[in-house]
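Okay, structure first, notes after.
Atoms within each ligand, like the ligands themselves, are counted from 1 in listed order. All values derive from a computational prediction rather than experimental measurement. Numbers here are sequence positions counted from 1.
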Amino acid sequence: MQVPLLDLKAQYATIKNEVLAAVSEVLQSQRCIGGPKVAELEEKIAALSDCKFAVGTSSGTDAILNSLMSLNIGSDDEVITTPFTFFATVGCIARTGAKPVFVDIDPKTYNINPELIEQVITKKTKAIMPVHLFGQMADMDPIMEIANKYNLAVIEDAAQSITSTYKGRKAGSIGTAGCFSFFPSKNLGAAGDGGMVVTSDERLYNRLKIMRNHGANPKYYHKFVGGNFRLDSIQAAVLLVKLSHLNDWSEARRCNAAFYSEKFSGTVVKTPRINSVCLSIYNQYVVRVPKRDQLVAYLKEKSIGCEIYYPQPMHLQECFRNLSYKQGDFPEVEKAAKEVLAIPIYPELTDQMKDYVAETIISFLN
Ligand SMILES: Cc1ncc(COP(=O)(O)O)c(C=O)c1O
């Protein structure tokens with residue numbers, strides 16, 4: 001048996017006709033940038049996220065970059081975030097000229113540890129960027145308390161967590177802005193790159209819209225130096241089709257997670273720990289295991305897909321050497337990077353496939 005980490009062809013087979021019809025409609029109209037599909041998607045994602053506004057962007061990365069730029073964050077500013085994330089979180093902070101400032105994670109959830117934030121705040125701190133990793137939101141109440149105390153913006157990197165909740169509140173709706181990615185492997189994935197910023201701050205919304213179009217308002221008159229952060233209409237059309245399946249897909253992922261958690265109980269495999277006030281969308285199912293690297297090789301031999309998110313923490317990346325962090329600075333992150341492993345969790349997995357994955361892992365570790 002073969003079990004890939006993700007099987008987008010299996011998903012496509014269930015929605016092919018709807019997707020082709022939606023793409024064809026855009027091609028017929030030749031409204032390829034912006035237009036009604038993007039506007040409809042923005043309205044629906046804003047409503048789904050309990051936010052007043054949404055701005056489609058060319059990727060999740062550009063959602064983050066646009067948010068930072070629209071909040072006027074740049075050189076001489078500092079943004080606090082986690083070193084245990086995908087590069088884009090930190091890359092965007094650095095690209096604005098601001099300094100990324102890291103704090104360690106909570107080892108149970110892999111999300112930023114709010115207890116460590118206050119001690120790194122300086123006069124230059126402008127924002128906190130929690131990352132809702134693997135589908136689970138960060139502990140937002142203490143983060144917002146600190147942000148309010150020091151008058152800081154909060155940009156939620158919700159690239160992996162669209163529709164996940166914290167105390168019943170949606171990802172993206174608690175901070176100043178929330179950023180989603182529609183990279184194909186996300187729970188809501190486009191047929192290419194795409195992203196979105198959600199916010200309930202009208203002034204920020206207006207800036208985000210102008211910024212994504214080279215800062216122009218009106219056309220050819222540039223208020224700020226922005227970028228081309230626009231979302232393609234074909235991507236919006238595909239996403240509108242997929243949106244109607246999102247809750248079912250996330251539910252199927254939760255069922256798969258429950259299956260694994262039961263299978264692995266009583267073994268050395270440490271399963272994901274979901275905060276009791278959170279609902280995860282399980283964009284990834286990440287276990288911690290001994291002999292992780294040997295297990296990766298074994299799973300490959302057995303045709304089971306897996307991935308290490310993330311093998312090299314951000315504070316140890318070559319391109320961030322100028323930040324002067326060193327090995328040992330964030331022990332929980334460094335430990336997690338050595339132990340974590342994402343295994344297949346996608347909605348179309350059959351019981352047989354899940355059983356094969358779980359049994360293969362258990363037999364290797366016994
Ligand atoms: C945590 C996180 N932030 C940001 C991004 C960037 O999104 P994109 O790949 O759509 O640019 C991703 C996507 O992989 C991500 O996982």
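- Ligand 1 places these atoms under 4.0 Å from at least one heavy atom of Ala159: 2 (C), 3 (N), 4 (C), 5 (C), 12 (C), 15 (C).
- Each of the following atoms of ligand 1 lies closer than 4.0 Å to a heavy atom of Thr85: 1 (C).
- With a heavy-atom cut-off of 4.0 Å, Thr61 touches ligand 1 through backbone and side chain alike.
- Here is the list of ligand 1 atoms found below 4.0 Å of a heavy atom in Thr89: 3 (N).
- Aromatic ring centres of Phe134 and Tyr110: separated by under 6.0 Å.
- Leu152 is not listed as a side-chain neighbour of Val154, based on a closest heavy-atom distance of 4.5 Å or more.
- For Glu145, the CD atom sits in a loose shell: 12 or fewer heavy atoms of surrounding residues, nucleotides or ligands are nearer than 6.0 Å.
- Considering only non-hydrogen protein atoms, atom 14 (O) of ligand 1 sits nearest to Lys186 NZ, 2.8 Å.
- Atom 16 (O) of ligand 1 has its closest protein heavy atom at Gln160 NE2, 2.8 Å.
- Every residue meeting the ring pair (Phe, Tyr, Trp, His ring centres under 6.0 Å) condition with Phe320, not counting sequence neighbours, appears here in chain and number order: Phe87.
- Close contacts of ligand 1 with Val131, meaning ligand atoms under 4.0 Å from a residue heavy atom, involve 1 (C).
- Residues meeting the side chain to side chain donor-acceptor pair (under 3.5 Å) test with Lys270, sequence neighbours left out: none.
- Considering backbone and side-chain atoms alike, Asp157 places an N or O below 3.5 Å from some N or O of ligand 1.
- Residue Glu115 places its CD atom among 12 or fewer non-hydrogen atoms of other residues, nucleotides or ligands, all under 6.0 Å distant.
- Contacts with ligand 1 closer than 4.0 Å are made by no heavy atom of Leu133, backbone or side chain.
- Residue Ile64 places a heavy atom less than 4.0 Å from ligand 1.
- In this structure, Glu251 pairs ionically with Arg254, as a charged nitrogen and a carboxylate oxygen lie closer than 4.0 Å.
- Counting atoms of ligand 1 from 1 in the listed order, those under 4.0 Å from a heavy atom of Ala88 are 4 (C), 5 (C), 6 (C).
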